[in-house]
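This report refers to the structure that appears directly beneath it.
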Amino acid sequence: MPSQLSAYVSDTTPGRGALRPARSWLHSDAPSRSLNGHWRFRLSPTATAAEDFAAEGFDDGGWDGIPVPSHWVLQGDGAYGRPIYTNIQYPFPVDPPHVPDENPTGDYRRHFDLPADWTRAERVVLRFDGVESLFKVWVNGDEIGSASGSRLAHEFDVTSSVRPGDNVVAVRVHQWSAASYLEDQDQWWLPGIFRDVTLIARPAGGVEDVWLRTGFEQGRGWIDPVVTAGAAAFPVTLRIPELGVERVWVSAAEVAPFEVDGVEPWSAEVPRLYEVTVASAAETVTVRTGFRTVEIRGDRFLVNGRRVVFHGMNRHETHPERGRVFDEAHAREDLALMKRFNVNAIRTSHYPPHPRLLDLADELGFWVVLECDLETHGFDKDGAWAGNPSDDPAWREAYLDRVRRTVERDKNHPSVVMWSLGNEAGTGGNLAAMSAWVHARDAGRPVHYEGDHAGAYTDVYSRMYASVAETEQIGTDGSRAPLQDCTPSQGARQRTKPFLLCEYAHAMGNGPGALDQYEELVHRHPRLHGGFVWEWRDHGIRATAPDGTPYYAYGGDFGEVVHDGNFVMDGMVLSDGVPTPGLHEFKAVVQPLRFTFDGDGDGAVTVANLRHSADTSDLRFRWRVEHDGRPVDSGDLEVPVVAAGGSARVPLPRIAVSLESETWLTVDAVLATGTVWAGEGHVVATAQLDRSARRTAPAVRLPADWRRSDGTLTLGIAEFAEGALVRLAGRAVAGPRLELFRAPTDNDEGTSGVAEESDAHVPGVSNAELWRRDGLDRLTSRLLSVETAADALRTVARVSAADSASSVTVETVWSLEGDELELRVEIEPSGGWTTVWPRIGVRFDLPDGAAPVDGAEWFGLGPHESYPDSLRAARTGRFSAGVDDLSVDYARPQETGHRSRWRELELTSGGAGVLRFAAVPDVQGRLPGFTLSRHTPQQIARAAHPFELPRSATSHLFVDAAQHGLGSRACGPDVWPEFALRPQARTIRLRITAG
């Protein structure tokens with residue numbers, strides 16, 4: 001027979017005892033006391049320890065101390081267990097609703113003082129804002145109740161158990177419970193009391209709850225208030241001081257909707273808030289409200305009558321030291337960073353955040369899709385969802401309790417424009433019941449849930465990782481292309497709804513690619529309303545390597561039995577808060593202004609305002625002209641105020657075009673004055689125009705007097721031995737060596753089944769696996785010939801891999817052209833290659849010597865790394881960076897640092913130039929890219945963490961004729977065919993001089 005304790009932790013009932021109904025998280029002047037701080041703590045390996053610790057007189061002197069809020073696995077340097085990361089897998093046997101007896105259980109105790117005047121309170125309430133996963137509460141030895149729902153708020157009535165003076169609260173927290181089956185989100189499992197604990201004195205005649213439903217239409221606002229209070233609370237007065245509004249309701253029956261004149265609407269771009277007080281004689285509640293109307297009209301999602309395009313991020317709560325413990329300063333900067341990168345929306349993946357986060361979203365301005373704390377992804381074995389609680393009536397109350405607590409807590413926030421039932425929990429009657437409850441409770445916001453593919457109970461059509469081609473078919477009127485898991489009639493119904501990509505562009509490691517293709521579809525097909533990148537921030541946990549080097553740990557680094565590796569490192573921001581090049585690309589792609597230059601740019605530029613509701617009065621426009629990246633002229637562009645959705649054609653300044661250098665015009669839209677999220681001059685949008693005069697590349701000199709040679713000679717600054725380069729400008733240099741391999745990105749290692757119509761895609765097999773199969777990481781070379789001519793050297797080599805008949809012929813020609821040394825490399829693949837290549841390039845090795853190569857200056861695209869399907873953030877200019885700054889410190893080392901389309905490159909040592917390279921375009925006008933790194937791709941590919949990279953005594957310069965795109969295949973589409981690098985003949989041509 002199962003024990004009473006086993007039945008308790010396996011009970012699907014969401015709460016017991018003196019648990020109060022859910023209500024709003026309100027700012028009230030009622031007395032309260034934070035119980036955050038130092039608690040006594042004991043961890044047991046199972047849930048079977050005696051509950052005698054809850055007694056008032058229990059001696060906890062031998063216990064440890066722990067901060068609340070915190071996660072116990074992040075305290076004590078492993079003394080209380082370690083974090084566990086899984087994406088889909090459950091870290092315990094799938095035996096619902098049961099969990100193992102090996103169930104880490106944390107016991108907490110603390111004393112608190114109750115003021116004497118609290119005896120006048122009608123109720124004393126103990127509030128927990130977040131506890132993972134199941135907890136039971138005692139006060140002064142009295143068992144109060146229990147609750148589950150880790151990211152949800154729970155309040156207990158402790159009135160009969162408290163007394164003036166000293167009191168003791170005890171809490172037992174079980175890491176695993178039946179509730180854990182409903183909390184299988186892609187994140188770390190982090191048990192403990194991790195959000196605030198608060199003691200609240202509820203006054204007699206207080207205001208129990210307030211809901212200010214608002215709307216805006218044609219310049220007028222309205223409020224439909226709901227006031228939950230006993231008869232003794234009335235009269236209740238609502239005031240909006242800024243608008244001169246005062247409403248007094250003598251009884252609950254008098255509370256009614258009313259209109260408000262002179263209001264400004266709230267939007268994510270103009271987050272206009274009004275402070276509202278709702279007061280009885282005993283309590284005043286303050287709510288910051290915004291006036292906006294959310295509606296679906298046909299297949300359009302509208303706020304205040306205008307279509308919304310979500311340029312969003314999926315946002316987990318995560319910090320490398322605190323886990324999900326909230327820090328307001330950190331959260332504010334997090335959202336300010338989003339604003340600086342043109343993010344306008346947040347999906348709270350996959351649970352309600354700390355309530356203060358939504359206050360900040362209201363204030364700073366975001367469209368928020370607020371998601372319930374629900375995911376059962378571990379039941380999705382081969383798509384069968386066998387045993388999934390979502391369609392099991394035994395779990396219905398648990399599902400309903402979760403959505404009630406989600407909606408009730410956060411219903412007052414104007415930023416919340418959509419409720420989401422959860423994530424990746426299959427489908428079933430319990431989800432339909434959740435949707436029905438939300439629709440009945442809140443008619444003013446639509447319901448979202450991606451798993452309702454057929455659209456039976458949701459208001460928007462939502463998908464994850466639909467390819468560009470499929471997304472286009474979803475948006476195209478009249479398309480009859482099948483929709484995933486839909487019959488024809490279901491598909492027709494879904495096409496009548498607004499479409500939302502709740503997850504797309506998987507930002508794991510280097511990437512994602514193709515952001516601009518999705519954005520272009522949004523502007524062509526109004527049914528498409530944008531989406532949310534997965535995801536905002538890497539979840540790395542700060543750790544220390546055996547040699548003391550700090551690093552950010554991911555799945556498997558804590559000895560987990562099952563884990564999902566570095567799949568938790570999939571953010572647009574690294575764990576330490578550094579924006580990735582992918583985030584810079586996102587900012588450029590979704591920028592809220594579009595610049596269209598007339599013809600060849602001589603006359604004017606059309607400035608289109610793509611914003612939802614804000615005009616351009618907050619911006620000023622600057623222009624500058626550069627010759628070969630060097631500034632020659634600049635000024636302000638006189639742009640009239642452009643309304644949201646409007647455009648203006650603006651004359652351009654006369655541009656001085658150079659015949660000897662490239663001429664580039666850059667236009668920036670910048671903040672005219674500082675805001676709470678960015679300073680004056682912050683660049684919001686930018687565009688460039690190439691006004692260069694056409695120039696022809698120097699012709700290739702083809703010597704006719706080639707003769708066999710031993711290849712030992714000097715050509716200008718180059719010294720050769722047996723046909724191999726050994727020195728340049730007196731510096732040891734080896735190369736150029738053919739390089740077809742790159743250290744696989746997370747997307748290269750991905751096996752996602754979304755083929756994106758690319759014949760390079762092998763379902764279930766990663767590109768990286770194919771590259772290793774073909775030996776691209778272990779190429780060998782056989783010299784076929786060495787010849788010299790007057791001031792020239794030519795070598796021909798055959799490059800291939802062990803156990804492969806496929807090869808590449810590489811012809812290398814060095815020649816003196818005046819005072820410059822020219823290098824021309826002709827790369828010609830044989831037949832038989834069956835997959836894409838990661839790159840086509842050559843590598844130079846530059847040993848450190850007395851003056852190590854430690855940086856680069858270049859004229860080309862920059863300043864950040866760029867790839868064929870991620871170029872929108874790159875601008876043409878002149879840049880410089882140290883060798884370490886040229887690469888990105890991704891959590892798992894991988895391909896990084898490529899700069900595209902360079903014209904001039906100077907390698908530096910200690911700030912001084914040592915070698916200069918000029919790129920000559922190939923016959924199709926294509927320019928190469930470069931990477932400067934302290935490690936080879938092979939070394940990088942062997943390292944699982946940055947600290948595992950070997951100490952280097954060499955810098956490596958890669959010059960690439962082409963690179964494969966990035967794509968999003970770690971959890972989405974592969975590289976679009978246009979950006980997939982097929983084996984092909986390419987030419988690299990350089991002019992080299994001493995620094």
Side-chain angles (χ1 to χ4, degrees), residues 15 17-35 112-129 137 139-140 142 144-145 147 153-165 167 197-214 222-241 244-258 260 274-289 355 404-405 407-412 441-442:
L19 188 61
R20 306 180 82 231
R23 66 186 183 115
S24 300
W25 194 84
L26 295 169
H27 299 270
S28 166
D29 66 354
S32 67
R33 288 207 160 185
S34 172
L35 297 188
F112 64 89
D113 185 70
L114 191 78
D117 60 0
W118 279 37
T119 58
R120 296 195 296 268
E122 182 177 67
R123 293 289 169 194
V124 178
V125 172
L126 182 60
R127 180 183 180 98
F128 294 84
D129 282 308
V137 182
V139 173
N140 294 328
D142 296 340
I144 303 300
H154 299 89
E155 291 184 336
F156 296 91
D157 187 338
V158 298
T159 311
S160 61
S161 298
V162 295
R163 59 182 177 242
N167 295 261
V197 182
T198 310
L199 198 66
I200 305 166
R202 297 294 309 133
V207 179
E208 181 67 16
D209 201 0
V210 171
W211 185 10
L212 301 181
R213 297 175 289 191
T214 67
W222 53 262
I223 295 179
D224 184 0
V226 179
V227 178
T228 304
F234 288 88
V236 170
T237 302
L238 179 146
R239 294 185 179 91
I240 312 177
V245 172
E246 180 171 313
R247 294 274 168 153
V248 180
W249 298 304
V250 175
S251 68
E254 292 187 5
V255 179
F258 61 93
V260 185
Y274 294 89
E275 187 169 286
V276 184
T277 61
V278 179
S280 69
E283 181 181 15
T284 298
V285 170
T286 303
V287 177
R288 291 192 306 175
T289 195
R404 288 189 202 110
R405 294 186 180 278
V407 171
E408 297 295 353
R409 194 196 75 171
D410 298 325
K411 56 186 179 284
N412 280 299
R441 179 61 171 152
D442 183 9

Honestly, is Arg247 close enough over Trp249, meaning NZ or CZ under 6.0 Å from the six-membered ring centre and within 45° of the axis?
no

Roughly how far, to the nearest 0.5 Å, is the CG atom of Asn140 from the CG atom of Asn167?
4.5 Å

Please confirm whether Arg33 makes a cation-pi placement over Phe112, using NZ or CZ under 6.0 Å from the six-membered ring centre and within 45° of the ring normal.
no

Given Leu238, which partner from the list Val278, Val210, Val285 fulfils the side chain to side chain contact (heavy atoms under 4.5 Å, CB included) test?
Val278

Can you name the one residue among Arg239, Glu246, His27 that meets side chain to side chain contact (heavy atoms under 4.5 Å, CB included) with Thr277?
Arg239

Under 3.5 Å donor-acceptor, Trp118 side chain and Val124 backbone
no

Under 3.5 Å, is there a donor-acceptor pair between the side chain of Ser28 and the main chain of Ala30?
yes

First locate atom CG of Leu114, then atom OG1 of Thr119, and finally report the distance between them rounded to the nearest 0.5 Å.
8.0 Å

Answer yes or no: is there an ion pair linking Glu408 with Arg23, defined by an N-O contact shorter than 4.0 Å?
no

Treating Ser24 as the side-chain partner and Leu26 as the backbone partner, does any N or O pair qualify as donor plus acceptor under 3.5 Å?
no

Using modelled atom types only, decide if a donor and an acceptor are shared between the side chain of Thr284 and the backbone of Asp29 within a distance under 3.5 Å.
no

Where does the angle between the aromatic ring planes of Phe128 and Phe156 fall among parallel (under 30°), tilted (30 to 60°) and perpendicular (over 60°)?
perpendicular

Tell me which one of Ile200, Asp157, Val197, Thr198 satisfies side chain to side chain contact (heavy atoms under 4.5 Å, CB included) with Leu126.
Val197

Quick check on side chain to side chain contact (heavy atoms under 4.5 Å, CB included): which of Val137, Leu19, Asp129 does His154 satisfy it with?
Leu19

Inter-residue atom distance Trp211.CH2 - Asp442.CG, 0.5 Å rounding
4.0 Å

Any side-chain to backbone donor/acceptor pair from Glu283 onto Val207? Under 3.5 Å, distance only.
yes

Calculate, to the nearest 0.5 Å, the distance between atoms CG and CG belonging to Asp209 and Asn412 respectively.
7.5 Å

Glu155 and Arg202 ion-paired at < 4.0 Å:
no

